[in-house]
Amino acid sequence: IHIGNLTVTEWRKKLMEFIEITPNRQILVVKKEMKIGGIKELNGKKFVTTKYTTMENTMKELEKKYNISVEYIYTDKLIEMGKYVEEGKADFTIDDAISAVMYIKTSKVLKIMFPVSNIEYIGWGVSKENKELASAISKCIKKFDTKGRLGKEWVRFYGIGISEYKKMIEY
């Protein structure tokens, strides 16, 4: 089982069963003083990411779609992407909204700009050979949600309510 913020993608579905936890979009994260009115304004800027992630793929798609070019700066750890922007080593990053809310909770200098991807889902992965475990976890999460406990834990962990989060990602 993989319990963590894992974007549900078609290629990953071939490897494991998914329990979808929450909707997600990738979000642009910058320093508070930076003004970005749209994707084209990222042209020539420094982008920090981790190799082989959905965020790297999204940026490559945005470059093609908007005919822009960014400088890629790579870090081995997803958790360091926000620090690179905070420290001025990069101008921006793209991260899952569910992770980006942690930036605004813990950073005094970062802000979330706008979504840059379509709606996706964050999920937990379970071995394809263990459909019973996937079913049991899914039922447990649904029960947890209907009793209102998921919403309370969401606020405690992320600092914002699930409805505020969904508004932020325009869900």
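Just the heavy atoms: all of them, side chains too, but no hydrogens, waters or symmetry mates, feed the values below.
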Listed by chain and number, what are the side-chain contact (heavy atoms from CB on, under 4.5 Å) partners of Lys51, not counting sequence neighbours?
Glu56, Tyr74
State yes or no: do [X] and [Y] share one hydrophobic cluster built from I, L, V, M, F, W and Y residues joined by side-chain heavy-atom distances below 4.5 Å, directly or via other members?
X      : Y      : result
Leu150 : Val101 : no
Phe114 : Tyr66  : yes
Ile98  : Val155 : no

Under 4.5 Å between any side-chain heavy atoms of [X] and [Y], yes or no?
X     : Y     : result
Thr54 : Thr9  : yes
Thr50 : Met81 : yes
Asn67 : Asn43 : no
Val8  : Glu20 : yes

Evaluation steps, side-chain contact (heavy atoms from CB on, under 4.5 Å), between Met102 and Phe157:
CA-CA 9 Å; Met102 295 304 288; Phe157 189 75; 4.2 Å; yes
Check against side-chain contact (heavy atoms from CB on, under 4.5 Å), Ile68 and Ile39:
CA-CA 9 Å; Ile68 62 171; Ile39 300 294; 4.0 Å; yes
If you take all heavy atoms of [X] and [Y], which pair is closest and at what distance?
X      : Y      : answer
Pro23  : Ile119 : CB-CG2, 4.4 Å
Ser99  : Asn5   : OG-ND2, 3.9 Å
Thr93  : Val85  : N-CG2, 3.8 Å
Leu110 : Gly82  : CD1-O, 3.7 Å
Leu6   : His2   : CD2-CD2, 3.6 Å
Gly125 : Met16  : CA-SD, 3.5 Å

Does one side chain, of Asn24 or Asp96, offer a donor that lies under 3.5 Å from an acceptor on the other?
yes
May I ask you to check whether Thr58 and Gln26 show a side-chain donor-acceptor distance below 3.5 Å?
yes
Lys111 atom NZ, neighbour heavy-atom count above 12 within 6.0 Å:
yes
Near Lys142 NZ, under 6.0 Å, is it more than 12 heavy atoms from other residues, nucleotides or ligands?
no
Each residue besides Ile19 in its hydrophobic cluster should be listed here, by chain and number; the cluster joins Ile, Leu, Val, Met, Phe, Trp and Tyr at side-chain heavy-atom distances under 4.5 Å.
Ile1, Ile3, Ile21, Trp124, Val126, Leu133, Ile137, Ile141
Output yes when Lys128 and Glu17 qualify as a salt bridge under the 4.0 Å nitrogen-oxygen rule, no when they do not.
yes
Would you call Arg156-Glu153 a salt bridge at under 4.0 Å N-O?
yes
Contacts of type ring-ring contact (aromatic ring centres under 6.0 Å, His included), residue Trp154, not counting sequence neighbours:
Tyr158, Tyr165
Those residues that, when tested against Phe47, pass ring-ring contact (aromatic ring centres under 6.0 Å, His included) (two or more places apart)
Tyr72, Phe92
Sequence neighbours excluded, every pair satisfying salt bridge (Lys or Arg N to Asp or Glu O under 4.0 Å) that has a member inside residues 161-171
Arg25-Glu170
Which value, rounded to the nearest 0.5 Å, describes the distance between Arg12 atom CZ and Phe18 atom CZ?
6.0 Å
side-chain contact (heavy atoms from CB on, under 4.5 Å) evaluation trace for Thr49 with Met59:
CA-CA 9 Å; Thr49 191; Met59 188 68 244; over 6 Å; no
Could you check Glu63 against Leu42 for side-chain contact (heavy atoms from CB on, under 4.5 Å), going step by step and ending with a plain yes or no?
CA-CA 9 Å; Glu63 284 180 302; Leu42 299 176; over 6 Å; no
Give the table of side-chain donor-acceptor pairs shorter than 3.5 Å for residues 27-38, with sequence neighbours excluded, one pair per line with atom names and distance.
| from | atom 1 | to | atom 2 | distance (Å) |
| --- | --- | --- | --- | --- |
| Lys31 | NZ | Glu86 | O | 3.2 |
| Lys32 | NZ | Lys108 | O | 3.2 |

